[in-house]
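In what follows, every chain begins at residue 1, and chains take the letters A, B, ... in the order their sequences are listed. As the structure is a computational prediction, the values presented were derived from the model and not from experiment.
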Amino acid sequence: MVQLRPRASRAPASAEAMVDEGQPASEEEEAEHGLLLGQPSSGAAAEPLEEDEEGDDEFDDEAPEELTFASAQAEAREEERRVRETVRRDKTLLKEKRKRREELFIEQKKRKLLPDTILEKLTTASQTLNVKKSPGKVKEVNLQKKNEDCEKGNDSKKVKVQKVQSVSQNKSYLAVRLKDQDLRDSRQQAAQAFIHNSLYGPGTNRTTVNKFLSLANKRSPVKKAAVQFLNNAWGIQKKQNAKRFKRRWMVRKMKTKK
Amino acid sequence: MGEFKVHRVRFFNYVPSGIRCVAYNNQSNRLAVSRTDGTVEVYNLSANYFQEKFFPGHESRATEALCWAEGQRLFSAGLNGEIMEYDLQALNIKYAVDVFGGPIWSMAVSPSGSQLLVGCEDGSVKLFQITPDKIQFERNFDRQKSRILSLSWHPSGTHIAAGSIDYISVFDVKSGSAIHKMIVDRQHMGVSKRKCIVWGVAFLSDGTVISVDSAGKVQFWDSATGTLVKSHLIANADVQSIAVAEQEDSFVVGTAEGTVFHFQLVPVTSNSSEKQWVRTKPFQHHTHDVRTVAHSPTALISGGTDTHLVIRPLMEKVEVKNYDAALRKITFPHRRLISCSKKRQLLLFQFAHHLELWRLGSTVATGKNGDTLPLSKNADHLLHLKTKGPENIICSCISPCGSWIAYSTVSRFFLYRLNYEHDNISLKRVSKMPPFLRCALQILFSEDSTKLFVASNQGALHIVQLSGGSFKHLHAFQPQSGTVEAMCLLAVSSDGNWLAASGTSAGVHVYNVKQLKLHCTVPAYNFPVTAMAIAPNTNNLVIAHSDQQVFEYSIPDKQYTDWSRTVQKQGFHHLWLQRDTPITHISFHPKRPMHILLHDAYMFCIIDKSLPLPNDKTLLYNPFPPTNESDVVRRRTAHAFKISKIYKPLLFMDLLDERTLVAVERPLDDIIAQLPPPIKKKKFGT
C-alpha cells in the first residue's frame, strides 16, 4: 500500500497538526483527487497550501485569502519571465563557453602548423617551378616537434600539393601532408595483405623449402636425411652456457693441478 | 703459378630478391626486370645477356607492373599508387605521378605506344596520354566492383580486357563503358569457396581473350559474344602470368609450381587451314612461383620468386644452332658487391639496407696441396652498419688501408672513418658531405687511401682528397660526349696517376689525376665493359667485356699492348667465349707482372702472358697436373689460361698478398633455403 504524502486540507488547523493528525483525514481526500495526480504533484500541491496555512495561523477563523484573477495572472507572468530569463542566461553562458573553447582549439591548431614563411614558400613554389632556398631560411625553421613531419619527409615521400625538394647546405626536406600518408600506407598494407593471403594464405597448398628439397632425398634409392636436418637454432642459450661452464671448469682444473 | 693459401668465405649471406615483373623491348632487344625490393634492372640480351643498368630499390615501392613505351621509355607502377618513369640516360627516376586510385595492380601500353592504361585497387581503369616529357591523365573508364588485376589491349587499340576477381570485363576504349562481363568459374568443374583471381589476360587480334587464373585454368573467351570457348586445366596451383608473341601464334604461361607452359597455334590436321591452340612444351626451370613471363621473337623469358631469370631460346625460332640457343639462367649479380682491404684483411659486404664488415680468420697450420687447414682464429664480424632511410644502397667501398668506408644511396652519400685500437673498432661519420656526390654509381679509393673517386649519375667524376678526419673536393671531370651505355666502372692505378672510367658509348676514358685532365680514350667497343683494372708497374689497363673478350691497353703508350694484339689476332678459345657469366673482377700479382687474375661466377683464371696461347684444339680446362707426369707432357699442355673450377659459385676473388687468396662463395642451396615457401608437390612414396 503506497503511503501518500499528507495533503493539507483547507480546514484552519496548525500545519503540524495537519501533518501529524491529518493523515487519516487527508487520506480520504487524497483518495478522491490526489491519486490521479500522482505523488510528486501532490507534494507540490501540498506546499503552497501549507504555506498559506502557515500564514493564516493568526487568522484561524478567517476565510482564506481571496486571490483576484489579475494578481494571479501577474504572478504567473512573473514566473514565466523569470524562467525565460534563466534560460536565456544559461544559453548565453553556454555560448560563451563554446566560443572560448573554439578559440582555444584554433590557437592550438595554429601552433601546430608550420611557420607561415614555409607555407608561403610552398604556395609560391607551386606556381613557379624554380625553388631556391637559402640556408638562412632553412635555419629559420625552428626545430619544434612539428618539424618531425619535415624530417620524416626527408626521404623522398610524396607531397599532396607539390614535391618541393630543396638541396641546401644544411638539410633538404620535403613537406608532406600526414593525413594523406596514413591513408596511402594503410591502403598499401591492405593490398599487400591481399596478395599475401591469395598466394600464401589459407587454402593455398604451400610447404616449407626444407620439405620441398628433401623430396628428392626421400625418393632416392639410398634414403638420405632432409636437406636441413639439423636445427642450429635450437638451444642456443644452453649451448652458450655449456661452453662458458666448460671454459671455467678447465681453468679450475688447471689451477688445482698446479 | 705458385702456391696459395685460400680463404674460403661462405658467411656472406647474400639473398637476391625475387623477380616480380619482366618487360621485353623488341626494338633494342632489352629486358627490364623489376624485383620485389623495388630494384629495376635492364639487361641487354644481345650483349650476352649482361645487366647494363639498374635503378636502386626503395622500401615503399612495391612494383606490380612494368612496361616499355614508344621511344625507349620505361614506366613502372606499383602498390604505392604512382606511375614512375625511368631516365635511362641519367640513371635516375624522372618523375612519379600519383594516380589517385589507390594501389595500382596492372599497367598496359597501347599498341600505338602513346597511351597508358592502369588498373587500380578501387576498380577503376584510368587512361593516360604519354606526352614527350610527362604523362597526362585523360579519362576514367567505367568503375568496376573489385580490383583490376590484369589488363590487355586489343592490337587495334579499340578494346580492352580487364581481369578482376571472379570476372573479366571487356571495355570499349572510345566510350569507356564495359561491353561484356564474363564470369569465371571458381574451379574447373566443381565448386569452391576461394575466389578465383584472374592473374593475367591477353587480347588477340581475332577477338579471343585468353585468361589465366588462380584455379589453374587457361581459358579462351570470345569477346564479341562474351562467352567461354575453351578451358584448359593445366596446374593444381595458380597460373600467374601470360605473355603472347607478336605474331600471335604462340604464348607462354607460368604457374605457381614453377612450370612454364608453351602454347602454340597448330593446324588441326597436317594440311587443313583450321588451327587450334595446343599446349606443346612444359619447362621446369624454377622451383617457386613464376610470377612473370615474356615472349621475345626467339625465346621464352620467365622469372619468379626463386630469383632466377631464365631465358629459354626456342629451337624452332633460332636460326643458327650454336651455343646461343642454350638455356641461360641468370642467378648471380653482374657487378661486385664485395670490396676488400688487403692490408688489414677485411671484407665489406654490401646488402640492400646494410653493410657488414668482417675480418678474415687466420691459421698457423701448413699443409700440402688440397688440404683444409683448421682455423686458429675465426672470422670476426666487426661491423653491421645500417643505412638510414628506405632507399637501397647503390654502391659501397672500403679503402685499401681499411680506415675509410664510403657508400651511396640515391639521396645521400656517406663517408665513415674507422679507428682500430687493439681489437676494437670505432666508427665516426664524416658529416656535411657535398650534395653533388649523392647517387654515386661507383666509388673507388686510391691505393694509398688519400683520394676518393666518385662517379655520379650525372656523368661527372669527382675527386675528393681525404686527410685525417676530413675531406676536400679537389676536382670534377665533366661528362664527356656520348650516350650512357652501362653503369660506370672505375679503375685507378696503384701509383695514383691514372684513373679509368667506362660506361659511355665513346669508350673508356683515361684521366691523368696529377694534372687533372683527360689523357686518352680507349676506342669504343660495341659490348659493355664488365670489369677493369690497371696493372701495378706497367700501367696496363685490362678491360673485360660482356662477350668475354679481354683487352690490354697501355696507358703511357696510348695503344693496345703487343700481347693484346696477339690475342685478338688468334682469338680466344671457343670454350672461353661460351662462358655464361661475365667477369666481375680483375686483379694482379704484385711480384709477377705477367700474371692477370680474373674470375666469373663459376671459375677463376690466372692468365700467364709469358706462356703460349691456346688454339681451339687444345684443352682449355687443364686438370691439375700431377707431379709424376713427365715434363714433356706438361709443357705440351701448358698454355696461358690456368683455369680452376674448385671454388664456385664465386662472388668475389682477390689476391690478398703474395701467398694468399680470398674466395667468397655463395652456394645456391643457401640462397634457396631462405626463400618463401613453394607449392607442395605430392610424390608417390613420400
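No other option in B:Asp669, B:Thr287, B:Thr409 has as many heavy-atom pairs under 4.5 Å with chain A as B:Thr287. Chosen from B:Asn80, B:Leu149, B:Ile197, the residue pairing most often with chain A at heavy-atom distances under 4.5 Å is B:Asn80. Annotation: maximal heavy-atom pairing with chain A below 4.5 Å, among B:Gly81, B:Ala256, B:Pro676, occurs at B:Pro676.
Of the two parts of B:Pro434, neither the backbone nor the side chain holds a non-hydrogen atom closer than 4.5 Å to a non-hydrogen atom of chain A. With a 4.5 angstrom heavy-atom cutoff, B:Pro103 touches chain A only via side-chain atoms. Interface remark: B:Gln674 contributes no atoms to any contact with chain A (heavy atom separation under 4.5 Å). Of the two parts of A:Ser198, the backbone and the side chain both hold a non-hydrogen atom closer than 4.5 Å to a non-hydrogen atom of chain B. Neither the backbone nor the side chain of B:Ile104 comes within contact range of chain A; no heavy atoms are under 4.5 Å apart. If you measure heavy-atom distances from A:Asn197 to chain B, the contacts under 4.5 Å come from the backbone alone. With a 4.5 Å cut-off on non-hydrogen atoms, A:Ser214 does not touch chain B at all. Contacts of B:Ala237 with chain A are absent, with no heavy-atom separation under 4.5 Å from either backbone or side chain.
Atom NZ of A:Lys223 has more than 12 heavy atoms from other residues, nucleotides or ligands within 6.0 Å. The local environment of NZ in B:Lys195 is sparse, with at most 12 non-hydrogen atoms from other residues, nucleotides or ligands closer than 6.0 Å. For B:Asp166, the CG atom counts as densely surrounded, since its 6.0 Å shell holds more than 12 non-hydrogen atoms of other residues, nucleotides or ligands. Annotation: A:Glu107, atom CD; neighbour count of heavy atoms from other residues, nucleotides and ligands within 6.0 Å does not exceed 12. Around the CZ atom of A:Arg101, the shell of radius 6.0 Å holds no more than 12 heavy atoms that belong to other residues, nucleotides or ligands.
For the atom pair A:Leu199 CG and B:Ser214 OG, the distance stands at 9.5 Å (nearest 0.5 Å). We find the CD1-CD distance between A:Ile195 and B:Glu64 to be 5.0 Å, quoted to the nearest 0.5 Å.
Using cut-offs of 30° and 60° for the angle between ring planes, the B:Trp105 and A:Phe194 rings count as perpendicular.
Among residues two or more places apart in sequence or in another chain, the salt bridge (charged side-chain N to carboxylate O under 4.0 Å, His left out) test is passed with B:Lys680 by none. Remark: A:Arg88 pairs with A:Glu85 by the salt bridge (charged side-chain N to carboxylate O under 4.0 Å, His left out) rule, at least two apart or across chains.
Within residues 242-256 of chain A, no residue has any heavy atom under 4.5 Å from a heavy atom of chain B.
Nearest approach of A:Gln188 to B:Leu79, heavy atoms of both residues: CG-O, 3.3 Å. A:Gln192 approaches B:Ala62 most closely through the heavy-atom pair NE2-CB, 3.7 Å.
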Inset, instruction - List the steps, then state whether side chain to side chain contact (heavy atoms under 4.5 Å, CB included) holds for B:Ile672 with A:Leu213. - result: CA-CA 9 Å; B:Ile672 296 182; A:Leu213 295 175; 3.9 Å; yes

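Listed by first then second residue, pairs satisfying salt bridge (Lys or Arg N to Asp or Glu O under 4.0 Å) with a partner in residues 201-219 of chain A read A:Arg206-B:Asp289, not counting sequence neighbours.
A:Thr207 places none of its side-chain heavy atoms less than 4.5 Å from the side chain of B:Pro677.
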